[in-house]
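Notes for the one structure printed next.
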Amino acid sequence: MSVVSAEFLSSCSLFSPSFQKQPRVFRRSNRRNSPPVLVAEMVRVPHVLTVAGSDSSAGAGIQADLKACAARGVYCSTVITAVTAQNTVGVQGVHAVPEDFVGEQLKSVLSDMPVDVVKTGMLPSEAIVQVLLQTLDEFHCQALVVDPVMVSTSGDVLAGPSILSSFREKLLPKADLVTPNLKEASALLGCPQIQTLADMRSAAKLIYNMGPQHVLIKGGDLPASSDAVDIFYDGETFYELCSSRIKTSNTHGTGCTLASSIAAELAKGFPMLPAIKVAKRYVETALDYSKDIVFGNGPQGPFDHVIKLKNNISSPSRKLVFNPDDLLLYAVTDSGMNRKWNRSITDAVKGAIEGGATIIQLREKDTDTRDFLQSAKSCLELCRSHGVPLIINDRIDVALACDADGVHVGQSDMPVSVVRALVGTEKIIGVSCKTPEQAEKAWMDSADYIGCGGVYPTNTKANNITVGLDGLKKVCLNSKLPVVAIGGIGISNAHSVIEIGVPNLKGVAVVSALFDTECVLTEARKLHAVLSDAAK
Ligand SMILES: Cc1ncc(COP(=O)(O)OP(=O)(O)O)c(N)n1
Ligand SMILES: Cc1ncsc1CCOP(=O)(O)O
Ligand SMILES: [Mg+2]
């Protein structure tokens, strides 16, 4: 008997109008048979349950489904139907999970967690299909995506012909979508090879007649075609979904990934055709990003579902952990000053680094975005070669695009918690604070350092209220984060700033003292000497 309340199950409705758009209040009980109790206001996240085989090389199967759902922002639970030993060369072994234990996994998940969409992959035996069908009857899922996995990309058989009749007669009639490739469509239909778009249309119609609500025939293997064309059929209309063919052999797991990405979009509440279109675009983007990645010795490698693997190759010299001592001489650029002294941003940064700047911030308030990005990339190269972190002021987009080390935001810029969600855990986030309350919030929001000022009056930032040395000291004493002082600081007063003698005041940030001068390198060198002396 189901241990889930009807009320709980009805809250899983994929097509409910309020689905997933807002936090919901829902009821649940930890105890069997006890009445549901109101626990708290909680955010329901979309949830796909994948019922598939494990791929030890992690390019396909359960592992691909998990990565795809994570990349698409959807929770994914897993019921493992088989464990395979495979790599980029082929499938070396298959160990089917006993059907009773597949049933146990299904019940564990479905009796406890609200599942929006069930997606199936490798179903290695008729008995496992049978258990799945029984469970689906019992738990009434809202949408079922069937990827009729039969043969791996390497040509190895993952589910024999014995399951074909269960697929045709029992599973497909329950499916909202079935996603065969050309070989799988032929196998389902027991017909010869599908070779043309016209064949694909006929196949889609015949498979539709087996009972699924929608059919997507994937034409990736269609011979003599420069584009990849899939045929989608909803019982009324055929849609040709075209995209340019990506020249890559890293296609292992494409089918699993597409099916689980479609399931993910359905779980978010999108209708079928938009879900397929956005999932296809995601897969194409991931394939294109991964086309030159090398994994394994076999003919078909995996691809990068998270579209991130190469970031770490391009910047091996990046420091992983922020070092507060880097705040000692914090050089902040200014486009107006560079124009005045007729120097490029890169030349300005070069002078600052060679003079001893320990961290650089690009604060380009009136530079075109494209030029800013270009300069940021060349400054990053320079900074990396000297082991100096590069921070981008205000522009999270530019920081992400050039893979800078961090960003600096003020109280009226993007909130730190949002910045953290966008830039991830490794980037440095600095935030401007004038008060202990702001400093406390910066800490709570997971910033890495505080810029406190203006300490002294300055012409560089208009209408900026000064906090003085007292305000600076107050912020430092009430901050768990390291602090850098900013505003009107130069060679004449840097010593007095550091001398306030608070351990978490780590340095000074300067604009005009370095960049509104004839020789940036000379000024940086002098300031560095003063700071090193004061820090002793
Ligand atoms: C190190 C450092 N501290 C403070 C600031 C000022 O940032 P913000 O308050 O956002 O003002 P703008 O610089 O954006 O005008 C900073 N940039 N760097
Ligand atoms: C960006 C900023 N934030 C507070 S004061 C300031 C300007 C600092 O410039 P300068 O070092 O020329 O006084
Ligand atoms: Mg700002």
Side-chain angles (χ1 to χ4, degrees), residues 322 324-338 340-341 348-349 352 357-367 372 376 388-399 404-416 418-419 427-435 438-439 441-442 445 447-469 471-472 475-476 479 481-494 496-497 504-517 520 523-524 526-527 530-531:
F322 172 59
D325 291 337
D326 285 340
L327 295 174
L328 183 70
L329 176 48
Y330 191 145
V332 182
T333 68
D334 181 289
S335 37
M337 291 175 199
N338 286 335
K340 175 178 164 189
W341 292 96
V349 168
T358 49
I359 186 166
I360 302 289
Q361 180 188 130
L362 301 187
R363 182 176 176 268
E364 298 296 312
K365 294 280 183 184
D366 56 5
T367 305
F372 189 4
V388 171
L390 181 77
I391 305 293
I392 305 292
N393 183 55
D394 292 345
R395 298 287 302 268
I396 318 302
D397 55 341
V398 173
D405 298 297
V407 289
H408 187 96
V409 286
Q411 293 295 324
S412 51
D413 296 321
M414 198 178 282
V416 174
V418 179
V419 178
K427 301 280 185 217
I428 303 166
I429 301 180
V431 56
S432 309
C433 298
K434 289 184 193 292
T435 66
Q438 291 171 350
K441 175 131 180 58
D445 288 348
D448 292 290
Y449 74 86
I450 283 168
C452 181
V455 176
Y456 301 115
T458 176
N459 291 326
T460 307
K461 185 170 169 64
N463 306 320
N464 190 43
I465 296 165
T466 52
V467 297
L469 289 180
L472 172 65
V475 166
C476 291
S479 168
L481 292 171
V483 178
V484 62
I486 188 167
I489 302 172
I491 293 171
S492 61
N493 56 14
S496 349
V497 174
N504 61 337
L505 177 62
K506 293 291 180 184
V508 299
V510 295
V511 186
S512 50
L514 290 187
F515 296 111
D516 200 5
T517 65
V520 177
E523 298 308 315
K526 285 196 261 180
L527 195 49
V530 172
L531 292 166

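Small disclaimer: the values here were computed from a predicted structure and weren't measured. First listed ligand is number 1; within each ligand, the first listed atom is number 1.
- Under a 3.5 Å cut-off, the side chain of N464 and the backbone N or O of K461 do not form any donor-acceptor pair.
- In this structure, Y449 and H408 have tilted ring planes: the angle between them lies in the 30° to 60° band.
- Of all atoms in ligand 1, numbered sequentially from 1 with element shown, those under 4.0 Å from a heavy atom of Q361 are 1 (C), 2 (C), 16 (C), 17 (N), 18 (N).
- In summary, the atoms of ligand 1 found under 4.0 Å from a heavy atom of K461, numbered by their order in the structure, are 11 (O), 12 (P), 15 (O).
- Side chain of D334 to main chain of M337: a donor-acceptor pair is present (N/O by atom type, distance under 3.5 Å, no hydrogens or angles).
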Note to self: Evaluate D394 against R363 for salt bridge (charged side-chain N to carboxylate O under 4.0 Å, His left out), listing each step before the verdict.
What the structure shows: CA-CA 8 Å; D394 292 345; R363 182 176 176 268; over 6 Å; no
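- Side chain of K427 to backbone of A404: a donor-acceptor contact under 3.5 angstrom is found.
- Of the N or O atoms in K365, one or more lie within a sub-3.5 Å distance of an N or O in ligand 1.
- From the protein, the heavy atom lying nearest to atom 9 (O) of ligand 1 is S432 OG, 3.0 Å.
- Not one N or O on the side chain of D448 forms a donor-acceptor pair closer than 3.5 Å with the backbone of G430.
- Closest heavy-atom approach to atom 9 (O) of ligand 2 within the set V467, V511, I486: this belongs to V511.
- Side-chain N or O atoms of N338 include none that pairs as donor or acceptor with a backbone N or O of S335 at under 3.5 Å.
- Listed by atom number, the atoms of ligand 2 under 4.0 Å from T460 heavy atoms are 7 (C), 9 (O), 10 (P), 12 (O), 13 (O).
- Of the candidates I392, I391, N393, T367, L362 forms a side chain to side chain contact (heavy atoms under 4.5 Å, CB included) with just one, namely I392.
- At least one N or O atom of D394 sits closer than 3.5 Å to an N or O atom of ligand 1.
- Looking only at distances, a side-chain donor or acceptor of N504 sits under 3.5 Å from a matching main-chain atom of L481.
- Shortest contact from atom 2 (C) of ligand 1 to any protein heavy atom: H408 CE1, 3.3 Å.
- Of the heavy atoms in V332, none comes closer than 4.0 Å to ligand 1.
- Between the side chain of K434 and the backbone N or O of I465, at least one donor-acceptor pair lies under 3.5 Å.
- Residue N464 approaches ligand 2 through these ligand atoms, each under 4.0 Å from one of its heavy atoms: 4 (C), 5 (S).
- Distances below 4.0 Å separate heavy atoms of S512 from the following atoms of ligand 2: 10 (P), 11 (O), 12 (O).
- For the pair OD2 of D413 and OD1 of D394, the angle at the Mg ion (ligand 3) is about 90°; rounding is to 10 degrees.
- The contact set between ligand 2 and R363, taken as ligand atoms under 4.0 Å from a residue heavy atom, comprises 1 (C).
- In this structure, G488 is part of the shell of residues with a heavy atom less than 4.0 angstrom from ligand 2.
- Between the Q411 side chain and the S432 main chain, a donor and an acceptor come within less than 3.5 Å of each other.
- Here is the list of ligand 1 atoms found below 4.0 Å of a heavy atom in G410: 8 (P), 9 (O), 10 (O).
- In this structure, the protein non-hydrogen atom closest to atom 10 (O) of ligand 1 is D413 OD2, 2.8 Å.
- Crowding of N459 atom CG: a count of heavy atoms from other residues, nucleotides or ligands under 6.0 Å not exceeding 12.
- Those atoms of ligand 1 that come under 4.0 Å of a heavy atom in G451, given as number and element, are 3 (N).
- Interface of V510 with ligand 2, defined as ligand atoms under 4.0 Å from a residue heavy atom, comprises 11 (O).
- Counting protein heavy atoms only, atom 13 (O) of ligand 1 is closest to R363 NE, 2.6 Å.
- Residue Y330 has no nitrogen or oxygen atom sitting less than 3.5 Å from a nitrogen or oxygen atom of ligand 1, judged on distance alone.
- Below 3.5 Å of separation, one finds no N or O of K461 facing any N or O of ligand 2.
- Pairing each heavy atom of I428 with each of F322, the nearest pair is CD1-CD1, 3.6 Å.
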